[in-house]
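In what follows, every chain begins at residue 1, and chains take the letters A, B, ... in the order their sequences are listed.
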Amino acid sequence: MRSVVPVDERVAETPSTATLRFDYPPTAEPGQFVMVWLPGDDELPMSLSYVEGPQKGITVKAMGESSARLVRLRPPDRLGVRGPYGRGFDLSPRRILVVGGGSGAAVLAPAAEAAARAGALVDVALGATTREELLFYERFRAMGARLFPATDDGSFGYRGYVSDVARERLGSESYQAVWTCGPELMMRKVLEEAERRSVASFGSVERVMKCALGMCDACALGPFHVCRDGPVLPGRRLLDLEEFGRAFRNASGRLTPFEVRRAPSGRTGRDRGPGR
Amino acid sequence: MRSVVPVDERVAETPSTATLRFDYPPTAEPGQFVMVWLPGDDELPMSLSYVEGPQKGITVKAMGESSARLVRLRPPDRLGVRGPYGRGFDLSPRRILVVGGGSGAAVLAPAAEAAARAGALVDVALGATTREELLFYERFRAMGARLFPATDDGSFGYRGYVSDVARERLGSESYQAVWTCGPELMMRKVLEEAERRSVASFGSVERVMKCALGMCDACALGPFHVCRDGPVLPGRRLLDLEEFGRAFRNASGRLTPFEVRRAPSGRTGRDRGPGR
Amino acid sequence: MADLTTTVAGVRWRNPLWLASGIWGESGESLRGAYEAGAGAVITKSIGSGPRPGYPNPTVEPLGPVGMLNALGLPNPGIEEYPREIEKAVSAGVPVIGSIFGGSANEFTALARAMSRTGVRAIELNLSCPHAEGFGTEVGSDPHLVERIVRRVRAATTLPVIAKLTPNTSDPGALARAAERGGANAVSAINTVRGLAIEPELRRPVLAHGIGGLSGPAIKPVGLACVWQIYEAIDLPIVGIGGISTATDVVEYLLAGASAVEIGTAVAQDGIEVFGTVAKALSDWMDRHGVGELAELIGAAHPGRRAKRGSPRRTRSVASHRRRRVSVVRGRSPPAML
Amino acid sequence: MADLTTTVAGVRWRNPLWLASGIWGESGESLRGAYEAGAGAVITKSIGSGPRPGYPNPTVEPLGPVGMLNALGLPNPGIEEYPREIEKAVSAGVPVIGSIFGGSANEFTALARAMSRTGVRAIELNLSCPHAEGFGTEVGSDPHLVERIVRRVRAATTLPVIAKLTPNTSDPGALARAAERGGANAVSAINTVRGLAIEPELRRPVLAHGIGGLSGPAIKPVGLACVWQIYEAIDLPIVGIGGISTATDVVEYLLAGASAVEIGTAVAQDGIEVFGTVAKALSDWMDRHGVGELAELIGAAHPGRRAKRGSPRRTRSVASHRRRRVSVVRGRSPPAML
Ligand SMILES: Cc1cc2nc3c(=O)[nH]c(=O)nc-3n(C[C@H](O)[C@H](O)[C@H](O)COP(=O)(O)OP(=O)(O)OC[C@H]3O[C@@H](n4cnc5c(N)ncnc54)[C@H](O)[C@@H]3O)c2cc1C
Ligand SMILES: Cc1cc2nc3c(=O)[nH]c(=O)nc-3n(C[C@H](O)[C@H](O)[C@H](O)COP(=O)(O)OP(=O)(O)OC[C@H]3O[C@@H](n4cnc5c(N)ncnc54)[C@H](O)[C@@H]3O)c2cc1C
Ligand SMILES: Cc1cc2nc3c(=O)[nH]c(=O)nc-3n(C[C@H](O)[C@H](O)[C@H](O)COP(=O)(O)O)c2cc1C
Ligand SMILES: Cc1cc2nc3c(=O)[nH]c(=O)nc-3n(C[C@H](O)[C@H](O)[C@H](O)COP(=O)(O)O)c2cc1C
Ligand code: FES
Ligand code: FES
């Protein structure tokens with residue numbers, strides 16, 4: 001029920017992020033994730049950044065020790081893979097605003113690609129700390145999306161939060177759906193804005209995962225189990241949850257507030273807690 | 001993997017034999033058997049005397065305690081059933097001599113029926129102790145077979161061994177196959193005669209059965225496991241086996257000679273050992 | 001409509017389908033969700049003295065139709081933190097059973113005291129932790145320790161105490177008798193069966209902890225055998241656990257002697273809806289079979305019980321039962337060996 | 001081409017895939033057939049002092065993908081009769097291992113003496129019979145009895161002695177150490193896991209005997225865990241048993257510490273051809289993975305063993321192994337509980 005596969009190809013996407021491609025035939029949908037075992041180390045949930053055909057891909061950002069080791073893998077290093085798990089995006093809307101922060105673009109890219117291929121017009125607000133950390137910029141371009149970049153340091157596109165870019169977009173044009181993935185505080189802002197304007201919104205959320213089978217309760221988020229009901233959940237439902245954007249359950253199951261770090265430069269740091 | 005089914009219908013076939021019909025959808029071939037559990041009592045191998053459609057049937061002769069209890073069941077008494085198991089008859093020959101002794105007709109009838117329906121000419125040498133014990137006489141007639149009955153007491157048809165009738169048939173006409181089921185000494189004679197005349201021959205044999213899955217070795221007969229390789233085996237192979245017609249393994253696995261009882265009247269009794 | 005209520009440990013529960021410990025058991029919302037989905041009672045994750053993150057991943061290995069292995073390592077927020085979660089369920093009227101684990105009778109006793117103040121209706125003792133004073137085996141595989149822990153906990157709380165027994169033993173009946181002597185109000189069985197998975201390509205165990213616990217369809221026969229043997233050994237009500245996912249699984253456990261059951265791994269396969277689905281199917285099964293209440297089924301596959309069907313609980317001695325079973329089931333004198 | 005030979009109990013066998021006791025084990029022709037199908041050795045049905053018909057049917061309950069339950073009741077023709085069957089296989093050059101069972105050390109000893117005169121290459125002790133002096137549990141779940149039986153048998157024969165251990169215990173390592181102390185040349189594990197099936201329509205156990213033994217896919221994780229723990233506990237070669245049906249199953253057992261394996265229930269699913277198929281697939285697997293001989297795999301999933309890969313058998317103490325395993329597998333300090 002678990003496959004061990006060699007990494008076929010590694011693509012350095014940004015200084016902190018790499019895509020690993022490997023042969024894993026089970027069919028998957030954009031937005032689903034797999035559990036990736038780095039033998040001798042941890043097993044981490046990773047969204048599929050490439051979902052089509054037998055060769056799948058994940059795009060990993062070095063955050064802690066395990067993800068950093070994962071980013072450093074090279075063919076033919078081996079991975080354990082199980083899944084895919086969870087529910088992905090509804091691909092039917094024809095006018096979509098995609099809002100990605102940091103490694104969030106990993107899960108948004110294949111979904112946007114599928115929607116674009118089916119004829120949707122896709123706008124992408126893409127945020128990162130700095131220009132070279134903008135993930136999948138070229139990939140979004142290649143699928144015909146309009147890009148609205150934002151960097152914390154202003155090295156490319158808008159200087160500041162990608163959520164501000166998203167707000168601007170939602171004010172300027174009318175979208176059928178907003179998809180977002182990134183730090184939870186960012187997602188909360190984006191989803192609130194979308195809901196305020198009655199645009200259907202969906203966020204891909206992260207929680208600590210152990211079983212990925214909807215039983216161990218590690219990923220509990222209000223009434224949801226992110227591994228089974230998510231990771232993609234409707235903004236409407238997420239915004240109802242007091243925890244969303246504020247707290248997560250740590251490995252012991254204890255509700256723990258996200259720490260918001262501020263870098264000396266004053267830019268917004270990332271949430272501590274489940275990745276991104 | 002076991003079904004418990006009520007007896008839908010009971011047909012008294014002869015004074016010692018009854019057919020029990022029950023709903024058991026798995027597909028089966030003529031010659032295969034099921035393991036029939038009489039709850040609180042034994043579980044016995046029984047050939048399917050009706051193999052087609054969801055309603056199967058077994059035709060049981062009262063031999064020992066368990067089969068006698070089985071014969072007395074009435075709707076809606078319940079049975080446990082698992083299977084079907086084993087290999088049945090090759091139904092391709094177009095000119096077939098069927099030789100049945102005692103309850104042996106139970107397994108031969110559905111096979112003959114299928115062959116006749118497919119266009120084969122079927123002759124049936126049917127033996128019993130006495131007229132009213134001739135099993136499935138009308139059923140063979142209804143399928144268009146020519147019947148050559150024999151009774152030990154001469155109350156109907158030839159007086160004497162059905163194997164003698166079979167020898168006469170094999171001398172008079174040319175058959176493509178001989179199928180037999182009955183006491184092993186009888187079968188041995190029939191198969192020998194067929195092989196002597198180079199007619200392909202097949203016997204349905206009985207051995208003690210426990211697992212019916214080809215593992216416990218209870219039904220070992222030379223290199224064969226009757227539950228898996230049989231119960232229908234080629235005469236050519238059976239005749240090579242010293243045990244065939246002479247000995248069987250009892251429940252402890254010990255090779256035990258068949259006892260041949262002679263009734264006061266002088267007619268051949270049945271083998272002691274696995275049924276019929 | 002069949003009556004699904006069951007009485008275990010002196011408490012009447014709306015149905016015999018309980019959420020097993022460790023499943024949907026970390027958050028109050030989940031406990032409540034399981035009850036709303038149809039569970040008769042919900043058991044918390046096993047709670048210890050302090051917060052534990054558990055073992056690193058991989059903590060679970062799915063084994064297809066066989067079930068799964070897990071070695072989560074008893075992650076839990078600890079007895080100080082956890083009452084907040086219980087409160088969320090209890091305040092919504094959910095009958096919660098608090099599961100606790102410890103390494104010694106003292107630890108169990110302190111936990112039981114604290115747990116008793118949270119609003120739970122009963123306490124389940126998870127006796128499957130390594131024996132601190134022993135060598136690798138579980139606390140719960142030593143009848144003396146089981147008796148001691150149960151007795152101490154019994155004295156420390158007014159709530160009903162359910163002792164959850166391990167299948168990793170040569171004699172489940174002996175463990176059950178120990179729990180009965182200690183004063184347990186019920187026993188539940190089984191916890192997971194010791195198991196291991198190895199990844200041949202990587203030449204190492206899959207689970208970070210190595211050895212884990214097997215659950216799901218593979219262990220249904222093991223759980224049934226334990227419940228059967230425990231029913232023959234003691235007079236307490238039994239909560240059956242292991243590989244249950246359908247109404248007929250439940251009926252088998254009831255017939256073997258269980259008064260209620262717990263469902264765990266089936267939640268992974270069928271979702272939390274399994275409780276509602278199985279409750280409905282069980283009620284239908286009972287209607288179809290003319291069974292009005294669960295008492296008609298509980299232990300009814302035991303020959304002694306069969307003979308006096310309808311009585312809620314047999315009182316004859318174990319030995320007379322044993323004799324009777326042999327003669328009724330087999331109808332001949334018993335062979336001496338398996 | 002990989003070398004499939006393996007040395008167990010001082011004997012070199014052509015491959016590590018042995019026919020498990022109780023499967024194709026009543027007739028000499030079957031034993032021979034299993035060897036011709038590719039088995040490295042064949043183990044007889046367990047033989048007792050006199051003929052036994054076993055329990056009445058139903059003796060077997062198929063459980064689909066999970067495996068099966070059986071309670072055959074050790075049918076066998078007895079030690080006086082059975083040598084005739086062994087002779088048919090031995091005279092054809094088949095390496096036969098004689099399995100015996102008894103209720104006491106005396107009975108085992110007498111059987112071992114008689115078995116030693118039949119031409120078998122080794123003796124396997126089936127220790128899973130009810131303990132005559134005890135209460136319901138198996139002879140083989142009591143380390144003292146195991147040690148006593150093995151020691152007596154060891155003294156009564158010059159043939160290698162393999163002690164077959166039960167999984168129905170809290171501590172497989174303790175049983176293995178008892179067998180080692182008694183002088184066994186190898187241990188095999190596991191026998192079937194205690195299990196039960198109930199027929200809900202009929203409200204009774206399916207098997208005539210009631211409790212039976214679970215085998216097949218369901219118990220593979222259980223067998224692997226036992227082999228793992230036994231490897232950590234003793235220095236004797238181990239024969240792994242339980243749920244094996246493919247080459248990767250075999251590799252998993254080798255990695256867990258087995259020097260050979262036995263295959264039973266898979267014969268029901270895949271036929272006796274399973275031996276030839278798995279032998280070929282194992283050899284291919286080894287070629288594909290650059291493994292020249294089995295010694296490279298045996299125990300290689302144990303961290304201590306991984307560190308000194310290539311050495312045929314580790315010699316370090318159990319305790320140092322344990323420490324090492326924890327640090328290598330987990331890379332952090334060990335949590336205290338399961
Ligand atoms: C559904 C889902 C999809 C994801 N997709 C991606 C992706 O496509 N790309 C990507 O780079 N990251 C993704 N992540 C995040 C990723 O799983 C890790 O959280 C991240 O890589 C950091 O892991 P780490 O151990 O290196 O970091 P650490 O700094 O060691 O961990 C960061 C924090 O996250 C928690 N945490 C993270 N993962 C786990 C876990 N599996 N089990 C327990 N605790 C955990 C820890 O408690 C810690 O507080 C996804 C997460 C989820 C839940
Ligand atoms: C493949 C097969 C198909 C059969 N088909 C039919 C059929 O269609 N109709 C029919 O009437 N009979 C059939 N039989 C015979 C039937 O299974 C019983 O053997 C027969 O009914 C006598 O059983 P009893 O217990 O009543 O007799 P008993 O006199 O108690 O047994 C007769 C002898 O047969 C042995 N024996 C028979 N069955 C078993 C068993 N299952 N396990 C262990 N030992 C056994 C006993 O050792 C005893 O020596 C078939 C047998 C086999 C093997
Ligand atoms: C993921 C998981 C976590 C578990 N955690 C606990 C636990 O914390 N305490 C406990 O007593 N049992 C725990 N168990 C055991 C279950 O409660 C149950 O006894 C076992 O899984 C058998 O039931 P099942 O086959 O229905 O899953 C856990 C089981 C699983 C699968
Ligand atoms: C039908 C059957 C009969 C068995 N008989 C014996 C026996 O006589 N002696 C013995 O030691 N083990 C016996 N066993 C146990 C097997 O040898 C083996 O230990 C067990 O089945 C686990 O292996 P498997 O999963 O490959 O079947 C029997 C098992 C089965 C299924
Ligand atoms: S990770 Fe276990 S329930 Fe979601
Ligand atoms: S009945 Fe068991 S092998 Fe045929």
With a 4.5 Å cut-off on side-chain heavy atoms, are C216(B) and L72(D) touching?
yes

Test salt bridge (charged side-chain N to carboxylate O under 4.0 Å, His left out), reference R249(B), set E26(D), E81(D), E85(D), output is E85(D)

Which region of M35(B), side chain (C-beta onward) or backbone (N, CA, C, O), has a non-hydrogen atom less than 4.5 Å from a non-hydrogen atom of chain D, or is it both or neither?
side chain

Look at R2(B) together with E199(D) and state whether they make a salt bridge at an N to O cut-off of under 4.0 Å.
no

Counting only heavy atoms from other residues, nucleotides and ligands, does the tally under 6.0 Å from CD of Q55(B) exceed 12?
yes

For the interface with chain B, which of P53(D), G25(D), P75(D), G33(D) has the highest count of heavy-atom pairs at distances below 4.5 Å?
P53(D)

Between V267(D) and G214(B), the two heavy atoms sitting closest are CG1-O, 3.7 Å

So do the side chains of V60(D) and L213(B) get within less than 4.5 Å of each other, counting heavy atoms only?
yes

On a heavy-atom basis, which atom in R228(B) and which in G271(D) lie closest, and how many Å separate them?
NH2-N, 3.2 Å

Ranking S30(D), P200(D), G28(D), P51(D) by heavy-atom pairs under 4.5 Å to chain B gives rank one to S30(D)

Any heavy-atom pair between the side chains of Q269(D) and M215(B) that's under 4.5 Å?
no

Could you tell me whether the side chain of K210(B) reaches within less than 4.5 Å of the side chain of N57(D), counting heavy atoms only?
yes

Check: A220(B) main-chain N/O paired with W24(D) side-chain donor or acceptor under 3.5 Å
no

Does atom CZ of R10(B) have more than 12 heavy-atom neighbours, drawn from other residues, nucleotides or ligands, at distances under 6.0 Å?
yes

Closest heavy-atom pair, P62(D) versus Y85(B), reported as atoms and distance to 0.1 Å, is CG-OH, 4.1 Å

May I ask you to test the R254(B)-Y82(D) pair for a side-chain heavy-atom distance under 4.5 Å?
no

Mind ranking T59(D), T265(D), L63(D), V206(D) by heavy-atom pairs under 4.5 Å with chain B and telling me who comes out on top?
V206(D)

Using atom types as modelled and distance alone, determine if a side-chain donor or acceptor of N76(D) lies under 3.5 Å from a backbone N or O of S252(B).
no

Sub-4.5 Å side-chain heavy-atom contact between D217(B) and K45(D)
no

